[in-house]
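Okay, so here's the structure we're looking at.
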Protein chains: 2
Amino acid sequence: MITVLEAPTREEAAEAVKSALSRRRILVMVGNCWVNYQGRARSILNPGERILIIKEDGSVLVHRPKGYEPVNWQPPGCIFHSGLEGDVLFIKAVRRKPREILQVFFDKIYFLAAMSLADKGEFSLHASEEEMQKAIMNQPSLIEDGLRIIAYEKKVEPGFVDVYGVDRDGRLVVIEIKRRTAGKEAVLQLSRYVDSLRGEHGREVRGILVAPKIARQAHKTLITLGLEFKRLDPKRCAEVLAKGRLGSLEEYY
Amino acid sequence: MITVLEAPTREEAAEAVKSALSRRRILVMVGNCWVNYQGRARSILNPGERILIIKEDGSVLVHRPKGYEPVNWQPPGCIFHSGLEGDVLFIKAVRRKPREILQVFFDKIYFLAAMSLADKGEFSLHASEEEMQKAIMNQPSLIEDGLRIIAYEKKVEPGFVDVYGVDRDGRLVVIEIKRRTAGKEAVLQLSRYVDSLRGEHGREVRGILVAPKIARQAHKTLITLGLEFKRLDPKRCAEVLAKGRLGSLEEYY
DNA sequence: GAGTGGATTTCGCAT
DNA sequence: ATGCGAAGTCCACTC
């Protein structure tokens, strides 16, 4: 299932690379290389020891010995060319739309592995903004008592409002949700929505920013603009959802 | 320099992992695993065959056979615990601030490599937004004839203006630069800057959005708000800079 | 340390 | 296909 070559010659490596790419196997390679990229931007990476990964879907990663992010990459869907050019093994990954070219050149290959991996395991992620929205729909009292939800993702002029409702006194309420510290941007976005709805309805509209935290300066702006902030943790929302019998937004209607 | 184990036993693998982590070597591992993450959010990844990479700086990547992005990860600076728990090899990566825990469990290890890589190669990236700004400073006629640049990144109320100048008729000009298709967000940002400066100076202010392209709806908003759009490619800017003798913004003043 | 904006962002969803 | 906003975004830089 896995073919491993330790310290292969360039010829052996070239052969293994060609074979792996044509059979759409995953390729992991370690060696001394340099990299050129040209597309939306351009970059040059001078020689050094790195890890190259090419996946079966045609995505490419070049990883340096440090850092979470690849130094160079190519998203899925690349077409590959490879071979020997003198003493150098080159791999060229071409992407259409946008047109981008990544070229990797190896002069030393310490190690090469080609493999097919079977991965059907489900992945589930919790505590996203969508989950916060669901929780509020499910239990509007998370924001305040007497709040009734009218719509979610309502279209208003500048874009979409996360949640839209009426408070106990019959005033319109616009809710903007952020799953982490809300900044200036979120405040201004909410402000736009509120302004737009005020113009549209001509009656009082409250804007509530819902987030686990708000930046100090953003809070000042918020107050100036006559908006409100309601603290709410994604974790708390996850708990509400876990206890509620309502699983999805779709079921709500 | 590289230690490779093909199809090691769990005991051998556990030993190699412990050794690699303690000696801060890079670890590349392929096998059947499942993953839990808990921190800013929570996630569960059910069993499947994946590639695990742990770098010398304590960053972690779990890659599925497809996709450019890791399914789970941990940024640099993690502290590790590993060992055998029954028939399972576990690796636990803990990050402080924010507190996050990633746990990977292997029941089959197909392959394991531990290594130290030397990488001093310089990385250079071209055609960023900053380069577009430089090009405009260098050659304001890229925007329009008669434009004089007064300042860049001038502080105005909502934030920073990219470039700030005076046109041939003496009107203030605010320029917002985007290196790719400008969206609604860029238009609104520019609008805020223009409004702010109008209030401050009380005289006519032009707002120009500079980008290779503008979204259709964003363009409508732009027109409504009385702003302007000027098409400009990052590539074109790169050419201008290549020909110009001006290397950096600092030299401009 | 918090706040702000960019990214070769990528990704997914809705138009 | 295009547009738009979220992301466990990460990262770098400023205040």
Side-chain angles (χ1 to χ4, degrees), chain A residues 35-43 45 59-60 62 67-77 95 97-102 123 125-133 153 155 158-162 176-189 213-221 234-235, chain B residues 35-43 59-60 67-76 95 97-102 123 125-130 132-133 153 155 158-160 162 176-189 213-221 234:
Chain A
V35 185
N36 292 333
Y37 156 75
Q38 179 151 19
R40 287 164 294 178
R42 257 167 304 149
S43 77
L45 176 61
S59 47
V60 184
V62 180
Y68 145 87
E69 291 182 319
V71 59
N72 279 110
W73 71 90
Q74 203 75 291
R95 178 193 190 196
K97 245 214 132 274
R99 175 85 177 175
E100 296 187 291
I101 300 171
L102 182 71
F123 178 71
L125 177 68
H126 311 284
S128 60
E129 178 172 319
E130 189 191 348
E131 290 214 333
M132 290 184 74
Q133 189 180 344
E153 308 247 320
K155 178 110 181 79
F160 286 89
V161 162
D162 286 336
E176 172 73 25
I177 303 168
K178 292 293 164 201
R179 69 171 302 288
R180 41 182 185 158
T181 306
K184 183 169 54 179
E185 198 176 287
V187 172
L188 294 176
Q189 192 175 344
K213 206 181 159 196
I214 185 169
R216 188 157 277 284
Q217 284 160 321
H219 189 256
K220 281 184 194 170
T221 312
K235 240 176 207 176
Chain B
V35 186
N36 292 333
Y37 156 75
Q38 179 151 19
R40 287 165 293 178
R42 246 169 303 161
S43 77
S59 47
V60 183
Y68 146 87
E69 291 182 316
V71 58
N72 279 111
W73 70 91
Q74 203 73 291
R95 179 193 188 193
K97 241 215 146 297
R99 175 83 178 175
E100 295 187 292
I101 299 172
L102 182 72
F123 177 70
L125 178 67
H126 312 281
S128 60
E129 179 171 316
E130 190 190 349
M132 289 185 73
Q133 191 185 59
E153 303 226 328
K155 183 105 181 92
F160 288 90
D162 286 334
E176 171 74 24
I177 303 168
K178 292 295 162 198
R179 67 174 303 287
R180 34 179 190 158
T181 305
K184 187 167 48 183
E185 199 176 287
V187 173
L188 294 176
Q189 192 174 341
K213 206 182 159 196
I214 184 168
R216 187 157 279 283
Q217 282 162 321
H219 189 256
K220 281 185 194 169
T221 311

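Per chain, numbering begins at 1; letters A, B, ... match sequence-line order.
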Under 4.0 Å, counting only non-hydrogen atoms across every strand here, what does [X] touch: a base, just sugar-phosphate, or nothing?
X: B:Tyr68; result: sugar-phosphate
X: B:Gln38; result: nothing
X: B:Glu69; result: sugar-phosphate
X: A:Arg216; result: sugar-phosphate
X: A:Ser128; result: sugar-phosphate
X: A:Glu185; result: nothing
X: B:Pro75; result: base

Can a side chain N or O of [X] be found less than 4.0 Å away from OP1 or OP2 on [N]?
X: A:Lys97; N: D:dT2; result: yes
X: A:Trp73; N: C:dT10; result: yes
X: A:Gln217; N: C:dA2; result: no

Along DNA chain C (nearest heavy atom to each residue), the more 5'-positioned of B:Lys178 and A:Ile214: A:Ile214

Find which nucleotide of DNA chain C each of A:Arg42 and A:Gly183 is nearest to by heavy atoms, and output the residue with the more 5' nucleotide. A:Gly183

Between D:dG8 and D:dC4, how far is it from one P atom to the other, in whole Å? 23 Å

Of the nucleotides [options], which has the atom closest to the [X] side chain?
X: B:Glu100; options: D:dT2, D:dC4, D:dG8; value: D:dG8
X: A:Ser43; options: C:dT4, C:dT8, D:dC4; value: C:dT8
X: A:Arg95; options: C:dG5, D:dG8, C:dT10; value: C:dT10
X: A:Arg180; options: D:dG8, D:dT9, D:dA1; value: D:dT9
X: A:Pro76; options: C:dC11, D:dC10, D:dG3; value: C:dC11

[N] [atom2] sits how many Å from [X] [atom1], rounded?
X: A:His219; N: C:dA2; atom1: NE2; atom2: P; value: 17 Å
X: B:Arg40; N: D:dG8; atom1: CZ; atom2: C1'; value: 4 Å
X: A:Glu176; N: D:dG5; atom1: CD; atom2: P; value: 10 Å
X: A:Gln189; N: C:dG5; atom1: CD; atom2: P; value: 13 Å
X: B:Leu188; N: D:dG3; atom1: CG; atom2: C1'; value: 14 Å
X: B:Met132; N: C:dG5; atom1: CE; atom2: P; value: 19 Å
X: A:Glu130; N: D:dA7; atom1: CD; atom2: C1'; value: 13 Å
X: A:Phe123; N: C:dC11; atom1: CZ; atom2: P; value: 14 Å

Has the side chain of B:Arg179 got a donor or acceptor atom that lies under 3.5 Å from a matching backbone atom of B:Ala127? yes

Just by distance, do the side chain of A:Gln133 and the backbone of A:Ile177 share a donor-acceptor pair under 3.5 Å? no

Quick one: side-chain contact (heavy atoms from CB on, under 4.5 Å) partners of A:Ala218, sequence neighbours excluded?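 If we apply the side-chain contact (heavy atoms from CB on, under 4.5 Å) test to A:Ala218, skipping adjacent residues, the hits are A:Val187, A:Ile214, A:Ala215.
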
Using the side-chain contact (heavy atoms from CB on, under 4.5 Å) rule, take B:Trp73 and B:Ser59 through it: C-alpha gap first, then chi angles, then the decisive distance, then the call. CA-CA 8 Å; B:Trp73 70 91; B:Ser59 47; over 6 Å; no

Close side-chain approach of B:Leu102 and B:Asn72, heavy atoms under 4.5 Å: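 Touching, per the 4.5 Å side-chain cut-off.
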
Close side-chain approach of B:Pro75 and B:Arg95, heavy atoms under 4.5 Å: yes

Under the salt bridge (Lys or Arg N to Asp or Glu O under 4.0 Å) test, which residues partner A:Arg40, sequence neighbours left out?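 A:Glu100.
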
hbond_proxy B:Glu129 side chain to C:dG5 base (donor-acceptor, 3.5 Å cutoff): no

